[in-house]
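A single structure is presented below for examination.
Bear in mind that the values here come from a model prediction, so they are computed numbers and not experimental data. Quick note on labels: first sequence line is chain A, next is B, and so on, each numbered from 1.
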Amino acid sequence: MNNEVRVRFAPSPTGYLHLGSLRTALFNYLFARHNNGKFILRIEDTDQSRKVEGAVENLINIFNEMGLNFDEGPGIGGDFGPYFQSERLDTYKKYCDELLAKGHAYYSFETAEELEEMRRVQLTQGKQTMYDRRARQLTENEVKEKLASGIPHVIRLKVPLDSEIRFTDLIRGNVKIETNQVDDQVLLKSDGYPTYHLANVIDDHLMNISHIIRGEEWLTSVPKHIILYNAFGWKVPIMAHVPLILNPDKSKLSKRQGDVSTEDFLKKGYLKETLLNFMALLGWHPGEGEDREIFTIEELIGLFNIERVNSAGAVFNIEKLNWMNAEYIKQYDIDKLTELVIPYLNAGGIDTSDSAKTKRVVVAIRNYINKLDESAEQAGIYYKKVEMDAAQREITGTEISKQIFDNLILKVESLLEITIDNFKPVVSQVQKETGIKGKDLFMPLRLALTGVEHGPELGLIAYVLGKEEVLKRIKQVNQ
RNA sequence: GGCGCAUUAGUGUAAUUGGUUAACACGCCGCCCUCUCAAGGCGGAAAGUACGGGUUCGAUCCCCGUAUGCGCUACCA
């Protein structure tokens, strides 16, 4: 027996990665890495009606992009494959037969309509809606006959009655549920595919999963799983059910109220570092005395502790996400950032072939954007032609303006080049020498350089345009 | 309806597992910087810990009840 930590992320391939799933996966990842364990991907594709083409490839791509690497899974390999549940049907069948043989499961032959009718009646009687376990009454011969005549059937879990299941959740503590509340869950569907509950338990056991970290929506089905583990005589993995992520109105985070897919956030220009950092802190905190909120993934791994995950749902606050993303953008390595920004610039119709200028532009705009898709808009001013209307031309044409321009031209010409912070002192110098200050000084300059009355600080603009262009633009206005 | 889980400023969280003026961050407001817009700096408003009972010398923290929210209640996961 070894104590290796092995956790899994087990999504059903729905076509995109929900933020809630990303966080669940992240918690699994952090937990695995923190404990030098293994992080496994298993695809739960047992619902044939919900199959989505290309979903698995897409999923794996996103994880690669996010830098969350699996140790085992589809396309990666591992000793416990296959990692698609749809390829493990024989295994489920075999274990289901074992359950049948041991009397922990039974055949059931109701049609969908019969079940619906049963539920309808229960509802009108104000009773709990669950399978009334009627097929438990079938005699051995009746079952044999029905089987022989080819009536479609499912196999159900024979839940032990009048007892109680207790378990400990790493996040929630002790939970207790009476078995009479537990449905005789279908284990094997009439199409021969297992339900989540059966496949999940068998795979977690066979794949040596030590800890199950998954969404809160599974909490109430834990008793079914425990009954199964017990029926097989298997050890129950340690459980941790993480809280849900909520919309601002506290409902479960859903597509109706905005984007929920990780891909969408990436597309808008939220950095993967931001997303990881932010999602980790949504419902988790490293503990007392820690006021930082910006963490690298390595730091998160070092700090992570599943027991410190909060047990209440957390509202997804996009304002704070924006703030954090802006923080990352401001600190990011400039070359890497430039590389990331270029596609957004191009998408906005900006030509980035002058790579030196592009980099200067990124330096200039990084303090002004929350996410990368705002880049083109912010950068526009650096690529726009100077066009002034009559009123603006009047400002740049005054005697005062001419004085400023003449003075400035000489100074700029003597500069080797305009750097990020040497233009401002030059303007101050002009101010001293001409006695012109404030708006009178800056507005003519701003207009001459950009043709616009608002914008980033002049020093930045001059830096991006460069010495040559600055002189050219001022001289053009100063004719 | 039944069962389960949750509940600290608008939001995310903290509070040495009973003793603090209940802290930090986002957001908001104001001031400073300043040609403008951001960024940055400084400051402020904002919860008496859902409510009601206990236990205790003392409860955000432990127990019970109520309310509210959410989850589950499928041959979906």
Arg23(A) side chain near G12(B) phosphate (N/O to OP1/OP2, under 4.0 Å): no
Earlier contact from the 5' end, RNA chain B, for Ala314(A) and Lys320(A): Ala314(A)
Spacing of the P atoms in C37(B) and G48(B) (rounded, Å): 36 Å
Sugar-phosphate, base or nothing in reach of Glu293(A), heavy atoms under 4.0 Å: base
Salt-bridge criterion met for Lys320(A) and Glu293(A) (N-O under 4.0 Å):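 Yes, charged N to carboxylate O under 4.0 Å.
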Sugar-phosphate, base or nothing in reach of Lys437(A), heavy atoms under 4.0 Å: nothing
Inter-nucleotide P distance (C26(B), G41(B)), Å rounded: 9 Å
Phosphate OP1/OP2 of A39(B) contacted by Arg366(A) side-chain N/O (<4.0 Å): no
Sugar-phosphate, base or nothing in reach of Leu458(A), heavy atoms under 4.0 Å: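 Answer is base: heavy atoms of Leu458(A) come under 4.0 Å of a base.
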Touch class at under 4.0 angstrom, heavy-atom based, for Gly283(A) against every strand present: sugar-phosphate
Chi-angle category of G48(B) [syn within 90° of 0, anti beyond]: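 Classified syn.
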Sugar-phosphate only, base, or nothing, as touched by Arg214(A) at under 4.0 Å among non-hydrogen atoms: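 No contact.
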Base versus backbone protein contacts along nucleotides 59-77 of chain B [heavy-atom cut-off under 4.0 Å; B, S, -]: -----------SBSSSBBB
Geometric cation-pi criterion Lys402(A) and Phe405(A), 6.0 Å radius, 45° cone: no
Residue whose closest nucleotide on RNA chain B lies nearer the 5' end, Leu282(A) versus Gln181(A): Gln181(A)
Sugar-phosphate only, base, or nothing, as touched by Asn310(A) at under 4.0 Å among non-hydrogen atoms: sugar-phosphate
For atom CG of Asn367(A) and atom P of U34(B), their distance in whole Å: 18 Å
Interatomic distance at P, C63(B) relative to G19(B), whole Å: 16 Å
Pi stacking test for Trp323(A) and C26(B): under 5.5 Å apart, planes under 30°: no
Sugar-phosphate only, base, or nothing, as touched by Gly438(A) at under 4.0 Å among non-hydrogen atoms: sugar-phosphate
Enclosure of Lys424(A) NZ (heavy-atom neighbours >12, cutoff 6.0 Å):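 No, the 6.0 Å shell around NZ holds no more than 12 heavy atoms from other groups.
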Touch class at under 4.0 angstrom, heavy-atom based, for Val182(A) against every strand present: nothing
Euclidean distance for P, A74(B) against C3(B) (whole angstrom):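 It comes out at 16 Å once rounded to the nearest Å.
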Sugar-phosphate only, base, or nothing, as touched by Glu290(A) at under 4.0 Å among non-hydrogen atoms: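 It contacts nothing in the nucleic acid.
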Same-atom distance (C1') from U17(B) to C61(B), integer angstrom: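 Those two atoms are separated by 8 Å.
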